[in-house]
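All remarks here apply to the structure that follows.
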Protein chains: 2
Amino acid sequence: MSYSYKYARPAVTADCVVFGLDEEDLKVLLIQRGINPFKGQWALPGGFARVGEALEETARRELEEETGLTEVFLEQLYTFSDPKRDPREHVVTVAYYALVKLSDHKVHAATDARNAAWFGVEDIPPLAFDHDLILKTAHERLRGKIRYQPIGFELLPQRFPLRMLQAVYEKILDRSLDKRNFRKKILGMGVLDELEEIETDVSHRAARLYRFNKKKYDRMAKRGFNFEI
Amino acid sequence: MSYSYKYARPAVTADCVVFGLDEEDLKVLLIQRGINPFKGQWALPGGFARVGEALEETARRELEEETGLTEVFLEQLYTFSDPKRDPREHVVTVAYYALVKLSDHKVHAATDARNAAWFGVEDIPPLAFDHDLILKTAHERLRGKIRYQPIGFELLPQRFPLRMLQAVYEKILDRSLDKRNFRKKILGMGVLDELEEIETDVSHRAARLYRFNKKKYDRMAKRGFNFEI
DNA sequence: CCTCTTAGTGTTATATTGACACCATGATAG
DNA sequence: CTATCATGGTGTCAATATAACACTAAGAGG
């Protein structure tokens, strides 16, 4: 069985740059390719678009097939179309970036790729195709985006202490922030719910927990509020 | 002659949202479709990707074929992939937006489309496909982008008075700006060359002309200068 | 009870923004 | 040649936002 078209068509894929955050680092999820080209090399999760499927669906489907991740925050990044980016033929890839709560999700490498693993963004192995370029683009976008949109929450558990949120910003922006100013700013945005609960299982004074409130955020965003950190 | 693939592929196109600016309005360049579907309706210039051609090339080629425009400022906007966006089949389109100096370019409708015309952004006829969505997305991006990157120059002649530049910002942001604050801000960025020349053919006091200096801009950008208006 | 770690909190100097009004210049009309 | 009209070009000040800075409180662990 095959499909014929009057004119030649590039293939279309979707690839995902999945960011996660642990105690130490901003991390990226990579898979080890099981097939050629670049067999055995690390690459971004992704795969070919099916006809009738929006590319965001492609991205989510491949992400689940290859890494087991579902229901992540996902946004389109950029479309890479250099005809030489795949040695086999012209493949256009629509890249997405995802933010996941490492705490919630344990990653199960599934069918397609036995080997999925997290790598610190400063410690990435050589990647297949132009995936290093895609990763670099995603990292820049993330740095740019977090400065004016509160997406840091997507990397944290639902309930988190402010210290953790500040750590997200510091790791992504790669500079330290003043605690008092950060708290003033982030609470001043009015998008966090202060919860009754406090941390448990910490060997020092427990911090209050907060929760991101999307409704409040949408309301502020509609008024053109500036979320710049 | 036809091309066969093992798996079905969506078609790939590139479309352009071309912005221009005249004395009154921010304008968009549309073409009237000569063929079905949507024959006779207005649409964004664009067309099918060729294998071996990066999509930005596709966008530039189609733009020239359909409107005669060349060497415009062009940036990728977003990729639209809803499988129903084209009634014929699944067509993924990579949208670009372009900024052109209306003063320089006279638009010659060329081969593909006899009818290319400028429309005020507030006065757009019904468009083919999902082009209204693409146009809306581009307009939002332009508004967002001009606030923190000096791209307004791309819509003006090489040499322009500050009044014109302010008008660009006012038309895109759709609000009026204070003349003194605007001049302070834009000159403070240090990306404009003050020329010896002044306007001619005006029936009032002639204004000094300025020129955008890309080298200065790149130097400032490298230092992380904030170009926010 | 002492120590250690992190939580939580305000003030001040500085920089940025936004509001605001007048004289200068040159073309045109009477 | 004088008046009028349109636009060019300029500085100050108040309000706001930002950035720098240090201590006490709570709770766990030895």
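Letters A, B, ... are given to chains in the order of the sequence lines, protein chains preceding strands, and every chain is numbered from 1. Values below: every heavy atom of this structure, side chains too, minus hydrogens, waters and symmetry copies.
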Practice prompt. Would you kindly give the CG-to-C1' distance between A:Leu187 and C:dG8, to the nearest whole Å?
Written response: 11 Å
Discussion item. Using a 4.0 Å heavy-atom cut-off, does B:Arg208 contact any base of the nucleic acid, only the sugar-phosphate backbone, or nothing at all?
Written reply: sugar-phosphate
Discussion item. Using modelled atom types and a 3.5 Å cut-off, is there a donor and acceptor pairing between side-chain atoms of A:Glu199 and backbone atoms of A:Leu209?
Written reply: no
Item to complete: Take the protein atom CE of A:Met164 and the nucleotide atom P of C:dA7, then report the distance between them rounded to whole Å.
Response: 10 Å
Discussion item. For B:Glu194, run the salt bridge (Lys or Arg N to Asp or Glu O under 4.0 Å) check against B:Arg211, B:Arg208, B:Arg183 and tell me which one passes.
Written reply: B:Arg208
Item to complete: Measure from the side-chain heavy atoms of B:Arg183 and tell me the nearest of C:dT9, D:dG9, C:dT17.
Response: D:dG9
Practice prompt. Check the distance between C:dG8's P and A:Lys185's NZ and give it to me in whole angstrom.
Written response: 21 Å
Worksheet item: Taking A:Asp193 as the fixed residue, which of A:Arg159, A:Lys215, A:Lys216 is the one that meets the side chain to side chain donor-acceptor pair (under 3.5 Å) rule?
Response: A:Lys216
Worksheet, complete the sentence: In 5'-to-3' order, the base (B), backbone-only (S) or no-contact (-) status of each nucleotide in nucleotides 21-30 of chain D, using a 4.0 angstrom heavy-atom cut-off, is BB--BBSS--
Item to complete: Indicate, with a heavy-atom threshold strictly under 4.0 Å, whether A:Arg163 touches base, sugar-phosphate, or nothing.
Response: sugar-phosphate
Practice prompt. Quickly work out the A:Leu165 CG to C:dA7 P distance and round it to whole Å.
Written response: 13 Å
Practice prompt. Using whole Å, report how far CZ of B:Phe225 lies from P of C:dA15.
Written response: 15 Å
Item to complete: Give a yes or no on whether B:Arg163 atom CZ has more than 12 heavy-atom contacts from other residues, nucleotides or ligands under 6.0 Å away.
Response: yes
Practice prompt. Please confirm whether B:Phe160 and B:Tyr210 have ring centers closer than 6.0 angstrom.
Written response: no
Worksheet item: Is the backbone of A:Glu56 close enough, under 3.5 Å, to the side chain of A:Tyr96 for a donor and an acceptor to pair up by distance?
Response: yes
Worksheet item: Once you round it to whole Å, what is the distance between C1' of D:dG9 and CG of B:Leu209?
Response: 14 Å
Worksheet item: Roughly, in whole Å, what's the span from CZ in A:Phe182 to C1' in D:dA20?
Response: 17 Å
Practice prompt. Test A:Val18 against every option in A:Val72, A:Val100, A:Thr67 by the side chain to side chain contact (heavy atoms under 4.5 Å, CB included) rule and name the one that passes.
Written response: A:Val100
Worksheet entry | Rounded distance in Å - CD1 (B:Ile229) to P (C:dG18) | 11 Å
